[in-house]
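Heads up: the structure comes next, in structure tokens.
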Amino acid sequence: MAGFLSTVKRIYLSIYNWAVFCGWIQVLYLALKTLNESGHEKVYDAVERPLQLAQTAAVMEILHGLVGLVRSPVSATLPQIGSRIYVTWGILWSFPETRTHWLVSSLVISWSITETVRYSFFGMKEALGFAPSWLLWLRYSTFLILYPTGITSEVGLIYIALPYIKRSDKYCLRMPNTWNFSFDYFYASILALGIYVPGSPHMYQYMIGQRKKALSKSKRE
């Protein structure tokens with residue numbers, strides 16, 4: 001029974017990783033094609049739907065960690081996925097004024113390269129039981145550049161959105177109301193920016209630690 005469940009788990013994770021990989025490779029292709037042909041102002045319109053689908057699918061990784069399907073700690077997965085979901089839906093989808101900024105291109109390209117490498121790596125490990133050494137190196141090295149560019153783009157877009165958030169009053173809950181509770185999306189967004197300050201260096205250090213362990217283990221093998 002345990003062997004059967006292990007096989008089902010590997011099949012499911014293989015399908016999941018390759019499906020999301022296909023989404024991100026589509027995002028990368030459309031972003032580069034549009035950037036070359038039409039300029040950065042049109043990138044978001046070209047990638048909106050596949051970006052939303054691919055990024056939202058990452059929520060499943062939190063569930064995978066919670067139920068023990070993968071070994072990745074939820075404490076590391078949750079903040080990264082949460083921040084990306086927030087930027088995807090809470091900023092870009094919610095405030096169209098941000099969509100033509102050049103930071104959208106750097107965001108989308110940083111995310112999509114990172115994720116095509118990551119999902120192909122895990123897809124191969126689940127499907128074949130191993131991944132080639134060059135893919136392992138890419139998995140644990142591309143973040144050295146793409147993590148800073150992605151984070152900078154996320155922070156920049158949230159900052160750019162602040163005036164529109166404040167002016168729109170969207171997602172705000174004002175008193176009085178049935179729940180006797182108020183919520184201001186503008187200040188919540190400022191808080192989100194504040195979380196990036198300690199959170200980003202912590203995650204970067206975590207990834208450097210993971211890189212050292214993964215590459216040293218590969219050398220021993």
Side-chain angles (χ1 to χ4, degrees), residues 13 16-17 20-21 23-24 27-28 31 47 51-93 98 101 103-123 125-126 131 135-162 187-218:
L13 289 175
Y16 169 80
N17 281 293
V20 184
F21 165 82
W24 280 112
V27 172
L28 179 59
V47 305
L51 173 67
Q52 291 170 347
L53 290 173
Q55 191 59 75
T56 305
V59 172
M60 293 300 296
E61 293 180 42
I62 300 173
L63 297 178
H64 294 164
L66 287 172
V67 300
L69 278 180
V70 297
R71 289 180 294 177
S72 301
V74 176
S75 59
T77 305
L78 182 60
Q80 184 173 10
I81 292 175
S83 65
R84 290 184 174 191
I85 292 291
Y86 167 62
V87 172
T88 300
W89 292 101
I91 299 298
L92 292 173
W93 182 76
T98 62
H101 199 278
L103 280 173
V104 174
S105 298
S106 63
L107 176 83
V108 169
I109 292 171
S110 297
W111 281 2
S112 56
I113 293 176
T114 298
E115 299 297 49
T116 52
V117 170
R118 187 167 72 92
Y119 283 108
S120 61
F121 173 77
F122 287 118
K125 287 200 72 174
E126 294 297 339
L135 189 55
L136 173 70
W137 185 88
L138 285 176
R139 163 71 180 97
Y140 290 101
S141 299
T142 52
F143 82 91
L144 292 169
I145 296 174
L146 297 175
Y147 191 87
T149 58
I151 288 292
T152 301
S153 302
E154 291 175 38
V155 170
L157 287 168
I158 296 170
Y159 180 78
I160 290 165
L162 288 177
Y187 292 110
S189 298
I190 292 177
L191 177 61
L193 280 176
I195 293 173
Y196 274 91
V197 176
S200 300
H202 172 74
M203 286 300 300
Y204 197 69
Q205 287 297 320
Y206 171 78
M207 286 301 299
I208 289 176
Q210 293 296 102
R211 180 178 190 270
K212 289 179 179 178
K213 286 194 293 185
L215 296 185
S216 62
K217 181 181 178 181
S218 175

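What you see is a predicted model; the values in this text were computed from it and never measured.
A distance of 11.0 Å separates CG of Leu138 from OG1 of Thr114, quoted to the nearest 0.5 Å. Taking CG of Leu107 as the start and CG of Leu103 as the end, the distance is 8.0 Å to the nearest 0.5 Å. For the atom pair Leu28 CG and Leu51 CG, the distance stands at 12.0 Å (nearest 0.5 Å).
When the shell of 6.0 Å around OH of Tyr159 is examined, it contains 12 or fewer heavy atoms from other residues, nucleotides or ligands.
With a 4.5 Å cut-off on side-chain heavy atoms, Trp111 and Val87 count as touching. Between Leu146 and Phe143, the closest side-chain pair of non-hydrogen atoms is not below 4.5 Å. For the pair Tyr147/Thr142, no side-chain contact is recorded, criterion being any heavy-atom separation below 4.5 Å from C-beta on.
Every residue was checked against the salt bridge (charged side-chain N to carboxylate O under 4.0 Å, His left out) condition with Glu126, not counting sequence neighbours, and none meets it. With sequence neighbours left out, the side-chain contact (heavy atoms from CB on, under 4.5 Å) criterion links Thr152 to no other residue. Partners of Ser110 under the side chain to side chain donor-acceptor pair (under 3.5 Å) rule, at least two apart in sequence or in another chain, are Thr149. Under the salt bridge (charged side-chain N to carboxylate O under 4.0 Å, His left out) criterion, Arg139 pairs with no residue at all, not counting sequence neighbours. Evaluation of the side chain to side chain donor-acceptor pair (under 3.5 Å) rule for Thr88 yields no partner, not counting sequence neighbours. By the ring pair (Phe, Tyr, Trp, His ring centres under 6.0 Å) test, Phe122 is found to be paired with no residue, residues two or more places apart in sequence or in another chain being considered. Judged as a side-chain contact (heavy atoms from CB on, under 4.5 Å), and not counting sequence neighbours, the contacts of Tyr206 are Pro73, Ala76, Met203, Gln210. For Tyr86, the ring pair (Phe, Tyr, Trp, His ring centres under 6.0 Å) test picks out no residue, with sequence neighbours left out. With sequence neighbours excluded, no residue forms a ring pair (Phe, Tyr, Trp, His ring centres under 6.0 Å) with Trp137.
Nearest heavy-atom pair across Ala54 and Val20 is O-CG1, 3.9 Å. The shortest non-hydrogen separation linking Ala31 to Val108 is CB-CG1, 3.7 Å. Ser189 approaches Ile158 most closely through the heavy-atom pair O-CG2, 4.0 Å. In plain terms, the two heavy atoms of Leu157 and Thr98 that are nearest each other are CD2-O, 4.0 Å.
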- For Ser153 and Ser106, run side-chain hydrogen bond (donor to acceptor under 3.5 Å, both in side chains): C-alpha distance rounded to whole Å, both residues' side-chain angles, the deciding distance at 0.1 Å, then the answer. CA-CA 6 Å; Ser153 302; Ser106 63; 2.6 Å; yes
- Task: Apply the test side chain to side chain contact (heavy atoms under 4.5 Å, CB included) to residues Tyr204 and Leu144: give CA-CA distance (whole Å), side-chain angles for both, the deciding distance (0.1 Å), then the verdict.
- Result: CA-CA 8 Å; Tyr204 197 69; Leu144 292 169; 3.7 Å; yes
- Message: Would Phe121 and Asn17 count as a side chain to side chain contact (heavy atoms under 4.5 Å, CB included) here? Give the steps.
- Response: CA-CA 9 Å; Phe121 173 77; Asn17 281 293; over 6 Å; no
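Tyr140 places no side-chain N or O within 3.5 Å of a backbone atom of Met207 that could act as its donor or acceptor partner. Although no hydrogens or angles enter the test, the distance criterion places a donor-acceptor pair under 3.5 Å between the side chain of Ser83 and the main chain of Gln80.
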Show which side-chain atoms of residues 56-69 pair as donor or acceptor with protein atoms under 3.5 Å away, not counting sequence neighbours.
unit_1: Thr56; atom_1: OG1; unit_2: Gln52; atom_2: O; d: 2.6
unit_1: Thr56; atom_1: OG1; unit_2: Trp89; atom_2: NE1; d: 2.8
unit_1: Glu61; atom_1: OE1; unit_2: Arg118; atom_2: NH1; d: 3.0
unit_1: Glu61; atom_1: OE1; unit_2: Arg118; atom_2: NH2; d: 3.4
unit_1: Glu61; atom_1: OE2; unit_2: Tyr16; atom_2: OH; d: 3.4
unit_1: Glu61; atom_1: OE2; unit_2: Arg118; atom_2: NH2; d: 3.1
unit_1: Glu61; atom_1: OE2; unit_2: Tyr119; atom_2: OH; d: 2.2
unit_1: His64; atom_1: ND1; unit_2: Met60; atom_2: O; d: 3.4
unit_1: His64; atom_1: NE2; unit_2: Tyr12; atom_2: OH; d: 2.7

Could you go through residues 191-202 and list every donor-acceptor pair under 3.5 Å that involves a side-chain atom there, pairing it with any protein atom two or more places apart or in another chain?
unit_1: Tyr196; atom_1: OH; unit_2: Glu154; atom_2: OE1; d: 2.5
unit_1: Ser200; atom_1: OG; unit_2: Tyr196; atom_2: O; d: 2.9

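Residue pairs meeting the salt bridge (Lys or Arg N to Asp or Glu O under 4.0 Å) criterion with at least one member in residues 76-89, sequence neighbours excluded: Arg84-Glu115.
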